[in-house]
S.K.: 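Let me begin by handing over the structure; questions about it come next.
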Protein chains: 2
Amino acid sequence: MIERYHLPALMASTAVHVAACVDSELARAQMTARRVGAALACSSHRDLPGNVDAAIVAVPNEDHADVAAELLRAGVHVLVEKPMAVDVVECDRMMAAASSTGTVLAVGHDFRHFPIATFARHLFAAGALGPVRAVDVRQTAGTRWPACSPRALMPAAGGGVLLSFGIHLLDLMSWWFGDLHPVRYSDDAAGGVEADCSCDCVLSNGAPVHLELSRRRTLRDTFVVRCERGTIELGLYEPAIVHLTLPSGGCRLAGFVPDAAFTRAPMQTVFRRQLSDFIDAIHEQRKPLVGATEGRRAVELVQACYRLRRSLRQPWDFPEAYGVPATASRSHAG
Amino acid sequence: MIERYHLPALMASTAVHVAACVDSELARAQMTARRVGAALACSSHRDLPGNVDAAIVAVPNEDHADVAAELLRAGVHVLVEKPMAVDVVECDRMMAAASSTGTVLAVGHDFRHFPIATFARHLFAAGALGPVRAVDVRQTAGTRWPACSPRALMPAAGGGVLLSFGIHLLDLMSWWFGDLHPVRYSDDAAGGVEADCSCDCVLSNGAPVHLELSRRRTLRDTFVVRCERGTIELGLYEPAIVHLTLPSGGCRLAGFVPDAAFTRAPMQTVFRRQLSDFIDAIHEQRKPLVGATEGRRAVELVQACYRLRRSLRQPWDFPEAYGVPATASRSHAG
């Protein structure tokens with residue numbers, strides 16, 4: 001992650017200089033430091049204060065709060081990967097640390113920097129399609145994201161596909177539509193972390209939101225937002241196709257949000273924009289696009305879902321499908 | 001026109017049989033009749049009643065009224081090319097003829113059958129972009145339209161580029177936005193028919209509409225419709241690109257209206273749809289999509305423009321540009 005996305009953005013920026021690389025494996029930190037010309041390579045974030053003004057924290061989820069809070073308390077601005085932390089108590093601790101030193105705490109919800117997300121934000125803000133009536137989003141949340149540790153799959157990571165992928169969608173929807181209220185949630189965690197989940201929420205106007213994520217099934221990878229004056233389908237990944245269907249006549253517009261830089265290099269562009277928003281927030285002493293409030297809200301939503309957890313029905317929960325009488329006991333809780 | 005567009009549509013239709021071909025040059029009528037298997041070839045529309053149920057009238061503009069009215073009075077349904085006639089008096093005569101026999105009188109404003117026009121109609125009807133604030137449309141109205149007679153360029157044709165091309169745009173805007181009121185009009189007719197014109201209207205809500213057409217300059221070939229909640233640019237010709245710009249942030253969507261048949265064969269599809277609307281209107285005893293009321297309204301708008309006619313300024317109207325003192329007399333009326 002750092003290597004493939006954050007580092008290229010850092011190297012491309014004329015506003016920053018990479019002063020230090022940290023990795024629990026010192027050899028890896030040293031190798032990266034040599035590659036990017038950083039003066040310092042170390043195995044603990046505790047060596048950073050005094051050597052850097054700002055840090056990108058992309059350690060495992062369960063360490064976000066400790067690492068970020070220590071840096072913030074030492075006056076280092078922090079861009080922390082999403083999820084901001086594994087629970088809101090930790091988020092609050094990070095926020096307290098940031099406000100004690102007036103440092104910027106940004107959260108890496110990079111999906112907000114996708115052109116289609118910005119377009120959707122403006123479209124819904126302009127009220128072009130009228131009030132939202134229903135939202136349905138499905139995401140194939142496979143393993144295209146690079147990681148060098150299996151820790152994200154351990155229960156200590158705080159959650160699975162919802163916390164690592166779904167949180168992007170929850171954040172986007174909060175940004176576009178305002179508050180979301182979870183009402184039903186099922187997953188296949190069974191004591192580990194979930195690879196599949198299904199979540200139902202309502203918006204403040206009562207409109208239902210259905211969200212489905214899977215690491216093992218291929219889903220649609222779009223938001224379908226039905227509004228009073230039309231339905232818009234927004235692609236989640238690049239190339240992010242937009243389909244606008246008008247209520248009458250089945251009339252449809254197919255398009256995309258033109259953005260030359262993004263078309264040339266999607267993820268690089270997104271991470272550059274995220275980095276430059278973080279840097280500008282520091283210089284201009286303003287909130288970043290995704291600050292601690294937004295990062296915390298997303299974590300809070302995930303936790304609210306987990307509190308409603310029921311087990312997803314699995315094939316073995318349908319004995320009748322295998323010729324076993326329907327009276328046979330079922331193991332699912334739902 | 002007949003040959004390139006109407007005939008292929010007629011031949012492709014299973015709902016009609018071409019019974020007769022009429023051309024003032026009998027040899028041409030006979031040749032076409034042989035090609036399409038029509039039993040009758042004749043040089044006058046007066047031979048049609050009794051031999052056909054419906055006719056497509058694509059004679060020169062100034063003959064539309066005479067030919068169509070005689071056919072309608074004889075009980076023949078008519079699809080007349082646009083402009084419906086060269087003035088509203090003739091339109092009224094045609095309408096009287098149609099209502100005396102209860103025949104269908106459809107007008108060939110084929111632009112209404114373009115997918116983008118249908119999409120725009122639904123989009124504006126849904127009020128997605130809010131009230132219209134300004135419209136600006138420019139059309140390169142060259143000679144891509146086939147014709148075998150130069151009569152359309154003669155003053156007797158009733159007008160030039162506005163009557164032959166601009167009338168499509170006036171019809172589309174009336175369809176999308178309701179009444180248009182011309183307030184200013186200039187062209188280069190100078191006693192002949194205009195090759196260039198510039199027209200300003202207002203919509204009923206006071207929004208200004210600027211329309212410019214040229215046979216000699218290459219223009220943008222799009223409608224730009226600025227609304228309260230966004231600006232949409234609609235392409236006039238295939239591929240008809242749509243650009244939607246939101247008021248905030250310059251966020252933009254680029255797209256097109258997907259229509260597989262149209263993409264494969266644009267004009268053929270449009271003429272097939274126009275023909276099948278005409279035939280359905282006859283069978284279902286309903287008004288066609290573009291009936292006499294709509295055809296007449298477009299002619300009325302053109303006439304209203306011509307009544308406001310001023311001369312477009314020409315290069316020779318700017319003697320100062322050629323080093324002649326600005327006090328030299330100018331020939332333009334505007």
Side-chain angles (χ1 to χ4, degrees), chain A residues 111-133 172 175-176 222-223 225-235 238-263 269-270 273 277 289, chain B residues 111-133 172 175-176 222-223 225-235 238-263 269-270 273 277 289:
Chain A
F111 271 51
R112 286 218 197 172
H113 294 277
F114 276 62
I116 198 166
T118 309
F119 174 80
R121 158 81 174 170
H122 287 295
L123 184 82
F124 295 125
L129 300 178
V132 175
R133 292 290 175 238
L172 284 181
W175 192 38
W176 296 341
T222 64
F223 284 94
V225 184
R226 185 162 59 76
C227 302
E228 201 170 279
R229 286 193 284 267
T231 295
I232 193 158
E233 181 166 13
L234 301 156
E238 69 284 0
I241 298 302
V242 176
H243 281 122
L244 176 62
T245 310
L246 297 174
S248 50
C251 235
R252 206 157 58 90
L253 178 73
F256 67 101
V257 179
D259 186 318
F262 181 81
T263 303
T269 300
V270 161
R273 287 177 184 169
D277 174 65
L289 178 63
Chain B
F111 271 50
R112 287 219 198 172
H113 294 277
F114 276 62
I116 199 167
T118 310
F119 174 80
R121 159 80 175 171
H122 287 296
L123 184 83
F124 296 124
L129 300 178
V132 175
R133 294 288 175 238
L172 284 181
W175 193 36
W176 297 341
T222 64
F223 284 95
V225 185
R226 186 161 58 76
C227 302
E228 201 170 279
R229 286 193 284 266
T231 296
I232 193 157
E233 181 166 13
L234 301 157
E238 69 283 359
I241 297 301
V242 176
H243 282 122
L244 176 63
T245 309
L246 298 173
S248 51
C251 236
R252 206 157 57 91
L253 178 73
F256 67 101
V257 180
D259 187 317
F262 181 81
T263 303
T269 300
V270 161
R273 288 179 184 167
D277 172 66
L289 177 64

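Model, not experiment: these values are computed from the prediction. The sequence lines fix the lettering, A, B, ..., with proteins before strands; numbering per chain opens at 1.
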S.K.: Quick check: closest heavy atoms across A:Arg229 and B:Ala126, and the distance to 0.1 Å?
M.R.: CD-O, 2.6 Å

S.K.: Hey, mind stepping through A:Leu253 and B:Leu253 against side chain to side chain contact (heavy atoms under 4.5 Å, CB included) and telling me if it holds?
M.R.: CA-CA 10 Å; A:Leu253 178 73; B:Leu253 178 73; 3.9 Å; yes

S.K.: Chain A: which of B:Ala254, B:Gly130, B:Ala125 shares the most heavy-atom pairs with it under 4.5 Å?
M.R.: B:Ala254

S.K.: Can you tell me which of B:Leu129, B:Leu244, B:Leu123 forms the most heavy-atom pairs within a distance under 4.5 Å of chain A?
M.R.: B:Leu123

S.K.: Just to verify, which of A:Asp259, A:Ile116, A:Thr118 counts as forming a side-chain contact (heavy atoms from CB on, under 4.5 Å) with B:Cys251?
M.R.: A:Thr118

S.K.: State, to 0.1 Å, how close B:Val257 and A:Arg252 come at their nearest heavy-atom pair, and which atoms those are.
M.R.: CG1-O, 3.1 Å

